[in-house]
Amino acid sequence: MLNKDHPRYESLVYREKIVEAHKKGILADSGMIAHGRGETFDYLIGEKTTANSYNTIEVASCYFLTCKHPVLSVNGNTTALVAEEVAELSKLLDIPVEINLYYRTPERIANIEKVYSNLGVTELLGTDEDDFIDTPDLNGPRSPVSIEGISKSDVIFIPLEDGDRAEKLAKLGKNIVNVDLNPLSRTAQTSTVTIVDNIVRVMPLLIESVNKLMDYDKNDLKERINNFSNEDNLSTAIHDIIKRFE
Ligand code: ATP
Ligand code: MG
């Protein structure tokens, strides 16, 4: 049992979720290490959503609300931590969830599929019944992508994604919305919109902001997008970390 008075209680709760997901065959071994890397950067940003990230979350919502075919692409870590919120966002926007795993095995696909179908997600892509094409120039198990999902999409949400795939998707001309605590990762650097924050804090805020912006004029949302620079966003995120050392 975790002690609620522990100063790192919340962080321990999420560690437990990660361990649980690993035991259930949802998370690969390396997913546990990726979580640890995320924790380190969360410590550096102060374990809170910055003003800059609040703004970036709203810009991400603007993309979801103005693009024709958004897709939520999920892996084991995202599923371990925020499957409920992913399902909620998918229903709210009426868009598919695509399973995309770095270490793709039929067992892990089936386990993750079960999580989302139990949460009522009906449009589930990237399962073994789906039709696949390869991401150009990307070899290995994470190359196959769902035809329905990624190739038709005009904006892809890829939280906690690996840099290789993000780079290739960017080359395909896709808009990429990413959540990554490390503002220096290749994924963060190649995405269209990088939310530098913990996925567990981002998802509820993203849902809230989609609800808020849903009735806004689409031209205003597009203007928000046009005024956004991911380079400036990442630079602010890095400076926010530097300030914590002063
Ligand atoms: P890249 O391949 O993009 O250069 P990487 O190899 O460091 O970066 P991976 O291990 O492939 O990245 O992917 C995990 C990424 O997810 C890391 O950058 C890590 O900081 C981030 N991450 C882990 N847990 C979380 C979390 N809870 N919220 C947000 N980001 C997270
Ligand atoms: Mg990587």
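In this chain, numbering begins with 1 at the start of the sequence shown. Remember, it's 1-based here, ligands and their atoms both numbered in the order they're listed.
- For atom 26 (C) of ligand 1, the choice among Thr187, Asn198, Val200, Val82 with the nearest heavy atom turns out to be Asn198.
- Those atoms of ligand 1 with a heavy atom of Gly163 less than 4.0 angstrom away are 1 (P), 2 (O), 3 (O).
- Only the side chain of Leu81 comes within 4.0 Å of ligand 1, judged by heavy-atom distances.
- Taking the six-membered ring wherever Trp is involved, the centroid distance between the rings of Tyr63 and Phe157 does not fall below 6.0 Å.
- A side-chain donor-acceptor contact under 3.5 Å links Ser185 and Asp180.
- A salt bridge is defined here as a Lys NZ or Arg NE, NH1 or NH2 lying under 4.0 Å from an Asp or Glu carboxylate O, and Arg201 with Glu47 fails to meet this definition.
- The Asp197 neighbourhood of ligand 1 comprises atoms 28 (N), 29 (C), with distances under 4.0 Å to a heavy atom of that residue.
- Applying the 4.0 Å criterion to heavy atoms of Gly38 picks out, from ligand 1, the atoms 19 (C), 20 (O), 22 (N), 23 (C), 24 (N).
- At a 3.5 angstrom cut-off on N or O pairs, Arg186 counts as close to ligand 1.
- Atom NZ of Lys218 is surrounded by more than 12 heavy atoms from other residues, nucleotides or ligands within 6.0 Å.
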Extract all donor-acceptor atom pairs below 3.5 Å that involve side chains of residues 238-246 and protein atoms in other chains or at least two apart in sequence.
residue : atom : partner : partner atom : Å
His239  : ND1  : Ser235  : O            : 2.9
Asp240  : OD1  : Lys243  : NZ           : 3.3
Arg244  : NE   : Leu44   : O            : 2.9
Arg244  : NH2  : Tyr43   : O            : 3.0

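- The contact set between ligand 1 and Asn182, taken as ligand atoms under 4.0 Å from a residue heavy atom, comprises 18 (O), 20 (O).
- Side chains of Thr56 and Asn233: a donor-acceptor N/O pair is present below 3.5 angstrom, by distance only.
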